[in-house]
Amino acid sequence: MTNLEICREHGSFMIKEKLAEIVARAFESACAEGKMGELKECPVPIQIERPKLAEHGDLACGVAMKLAAPLRSNPLKIAQTLAEHIGRDKEANGNRITSFAVAPPGFINFKLGSAWLNQSLSRILIEGADYGKLDMGRGKRVLVEYVSANPTGDLHIGHGRNAVFGSCLVNLLKFAGYEVEAEFYINDAGEQILQLGRCAYALYRRLQGVEVEYPTEGYPEEYLSEFVAPIVEREGQAFLSLSEEEGAVKLADLTMAEIIEHQKKLLAKLHVEFDRWYSERALHKRDQVKQVLEEFLKHGFSYENEGALWLKTTELGDERDRVLRKSSGATTYLANDSAYHLDKYRRGYDLMVNVWGADHHGQVPGLKGAMKALGEDPERLEVVLTQIVNLSRDGQIVRMSKRMGTVVMLGEVMDEVGVDAVRYYLAESSPQNSINFDLELAKKTSRENPAFYIQYAHARCCAILRKALEPSQGQEGQLPAPVTESQWQSFLQEYKTDPDVFESIFADSSEEVVQHQKALIRRLELFPEEVREAVETRQPGRLARYAFELANELQKFYEVSRVITDQLSVTKARLGLILATKQVLSNALGIIGVSAPERM
RNA sequence: GUGCCCGUAGCUCAGCUGGAUAGAGCGUCGGUCUCCGAAGCCGAAGGUCUCGAGUUCGAAUCUCGACGGGCACGCCA
C-alpha cells in the first residue's frame, strides 16, 4: 500500500503522504506535457523515505530510479524533470518545503519547512491518548491465544516471552482499531494431568509422613511441593484414606487449581490479562472432540488403519498423515486441538492469532490442514512462533532443563530485574529470533537499561512541565511559577487551534539546533506510521524501539534548547512540544505495557 | 537423513516488500554540570553484514549452493 492510499483510507495527516501527493502531482503534470514517454500513470508506488544521512535532507523520494526501467531513461534525468514540476506546485512552498534537490543516483531530496511539523504537533495535542490510533482494524474481530501453558508447573522465562509478546500484540491490535479478545487455553485434560495427580498424591502422602515411593516418571518433587504444601495445610489428612487412583484424581484437580491460580497471579503482575480461560475439559464435556471426528469423517478426510483413526493431512499440505484417535480409544492432541480451533472458527473471528513456542512449529501444518479439511479457511489462522530465550549467568549459557534443575522461573527474573525491564527486554526483540537474557547483566545494568531510559525521558518531560507550572523555592523565598494557570489554559487552547504558535520553537536557534528540534517533531509525527508497520508485520516490538529513539531525540533536543525562557512565546511553543512528547512516549509505552512514571 | 528458523561491531540486538558512506545499546577510551532532572549529552575506537556464485544500474536485503547454530520430525502432550 502506498502512502497515498493510506492517506486516503484513513484520512489522516502524515507528512510523507502530503509529500507523496506533491510528487504524484508533479508526475501527472509532467505526463500531461508528454515528458514521461508513453506512460499515462505512475506504474510504481511513490514512496517517501528518510535519508540515512542528515546532509541529504529530511525526506527523499527514489521514484525516479524505479521509473528508469519502464521509461528506459536515466534516473537522474527523470528526477530533474519531476523536480522541475514540483517547483511549479503551489503546495510545495517555503513553509512546507524549504528546499529540494536532485542527487545521484536519482533521489529527490527535500528539506522540510515548519508548517507541516507545526500542524502535526497540534494534531498530537488534539488527539492526546488517541494519537497514533488507526482504523485499519475497524469492524474486525480478532482472537489472540497466547501463553496457554500446561497447568502442571510454574512459568519459566520462555512463557514470559510468549506472554509479553502476546499481550503487546493484543494492545497493538486494539490500538489499531481491531476488536480483540485474549484467550488462554488450559490443557486440563489427558495423560499429563493424571501423571500430575500421581506425583501430587505421592507427595501429599509423603508430606504427611507416609512412606511411599515417588513416581520416577513425571514432575520432580521440588517443583511440585510449593503447590501441594498449601493443600496439605488446608485439607490435612482428608485424602489419606483414598485409593491411589482416587487420590491421584483428587490431587490432580486440587494441584492444578493451585498452579493455575499461581500462573494467573504471576501473569497479572506482568500486566498480562485474558478475557477468557478456555478449558480443554469443557471441550470434552460438550462432546466437541467427538463431534469434530465426525466432521472429519463427513468431509471424507479420515480413515481407520490398524485400529487407529487417521487424518489425511498428506492431502492437505502436511508431510504425512496424523493420528486422530489412538487404538486405545483416546484422542490425540491434534484431535483435541482441531475441536478447539473449530470452536474458534465457529465463533466468527476475522482473524485468529496463536502465539506458540517455536518448539511446536511442527504442529502448524497439521492444524492448518485439519482446518482445511473442515472446510475452513486456514488463512484466517496465523501462528506466530516465539523462539527460545537463552538464559545466561556470568556469560555462561544455561540450557533450561527441569531435570538438571537449571530452570529459572519467570517470577525470579521479574523479582530480579523488575516488571518494566522484563517487559521491555522481552517485547523489544522480533519473536522469530532467539534471544539471550543474561541475568547478571540485567541486574547490573538495571539503572541504564532502555526501559529505564525511556521512562526517564517521560519523567523529565513531566519535570519540565512541573517546573513551568509550579512555584519554586529560590534563595529569596518562594518564586512564582513561570507560567500562570490561566496562561496555561490559554496555551492548551492555542496548541489545538493555532499550529503557528509552534513556530517559536525555532526562535533564536542556530541551524544545528533547529535540526535537533525538527528531528524531535519528525519522530513524533512518525508514530502512526510506526504503529501501522508494527501491525502489518505483527511486531509490537518495533514500538519499543521507536520509544527508545523518541526518548533519545528528546534528550538531544533538551541539551540544546531551553524550554522555560524569558520569552513567553518561546516558552509556550516549547512547552507544547514537551507536552506532545510526553503524550507520545506514554502512548508507545502503553502498547508495550511499560509504565510511564511522572517522577522517578 | 528430511523440514522450519537463524548467522550483522568484543557482547546483546535493529535494519531484510532491493537504493546514497550498514545502525543502536552494553562494554572500552576521552570530553562535558555557576543554567528546566548529568539516571543526561558529545566524541573516538571497533565491520570481508559466515562463505561462494547468480539476478540487478545497484544486494546485509532476492535466488541457489556450502558451512555453522537452534528446533521439530510418536497411536506424547
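Order of the sequence lines fixes the chain letters, A, B, ..., with proteins taken first and strands second; residue numbering starts at 1 for each chain. This structure is a prediction, so every number in the text was calculated from the model and none was measured.
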Worksheet item: With Watson-Crick and G-U wobble geometry limited to distances under 3.5 Å, how should the secondary structure of RNA chain B be encoded in dot-bracket form, using | for bases paired to another strand and [ ] for crossing pairs?
Response: (((((((..((((.....[...)))).(((((.......))))).....(((((..]....))))))))))))....
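- Residues satisfying the side-chain contact (heavy atoms from CB on, under 4.5 Å) test with A:K572, not counting sequence neighbours, are A:F491, A:E494, A:Y495, A:V501.
- A sub-4.0 Å separation between OP1 or OP2 of B:G15 and a side-chain N or O of A:R545 is present.
- For B:C76, one of the phosphate oxygens OP1 or OP2 lies less than 4.0 angstrom from a side-chain nitrogen or oxygen of A:K326.
- In terms of heavy-atom proximity, A:C61 sits nearest to A:F110 at CB-CE1, 4.2 Å.
- Taking side-chain N and O atoms only, A:N436 has a distance below 4.0 Å to OP1 or OP2 of B:U12.
- Partners of A:Y456 under the ring-ring contact (aromatic ring centres under 6.0 Å, His included) rule, at least two apart in sequence or in another chain, do not exist in this structure.
- Residues that satisfy the side-chain contact (heavy atoms from CB on, under 4.5 Å) test with A:E511, not counting sequence neighbours, are A:Q515.
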Write out a two-atom table: protein N or O, nucleotide N or O from nucleotides 31-33 of chain B, distance below 3.5 Å.
none

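- Across the P atoms, B:C62 and B:C49 are found 16 Å apart, a figure rounded to whole Å.
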Below 3.5 Å between N/O atoms, which protein atoms pair up with nucleotides 21-23 of chain B? Just atom names and distances, please.
| residue | atom | partner | partner atom | Å |
| --- | --- | --- | --- | --- |
| B:U21 | O4 | A:E55 | OE2 | 2.9 |

Fill in: side chain to side chain donor-acceptor pair (under 3.5 Å) assessment of A:E306 paired with A:S327
CA-CA 7 Å; A:E306 295 180 9; A:S327 47; over 6 Å; no
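- Across B:G37 and B:A20, the matching P atoms stand 41 Å from one another, rounded to whole Å.
- For A:S429 against B:C13, no side-chain N or O and base N or O form a donor-acceptor pair under 3.5 Å.
- Scored by the side-chain contact (heavy atoms from CB on, under 4.5 Å) test, A:P378 finds A:K368, A:K372 as partners (sequence neighbours excluded).
- Partners of A:E598 under the salt bridge (charged side-chain N to carboxylate O under 4.0 Å, His left out) rule, at least two apart in sequence or in another chain, are A:K582.
- Among residues two or more places apart in sequence or in another chain, the side-chain contact (heavy atoms from CB on, under 4.5 Å) test is passed with A:E304 by A:L309, A:R325.
- Applying the ring-ring contact (aromatic ring centres under 6.0 Å, His included) criterion to A:H159, with sequence neighbours excluded, gives A:H156.
- A:E533 is linked by a salt bridge (charged side-chain N to carboxylate O under 4.0 Å, His left out) to A:R542, counting only residues two or more places apart in sequence or in another chain.
- Partners of A:R322 according to the salt bridge (charged side-chain N to carboxylate O under 4.0 Å, His left out) rule, which considers only residues two or more places apart in sequence or in another chain, are A:D318.
- Within 4.0 Å of A:N552, counting heavy atoms only, lie sugar-phosphate atoms of the nucleic acid but no base atom.
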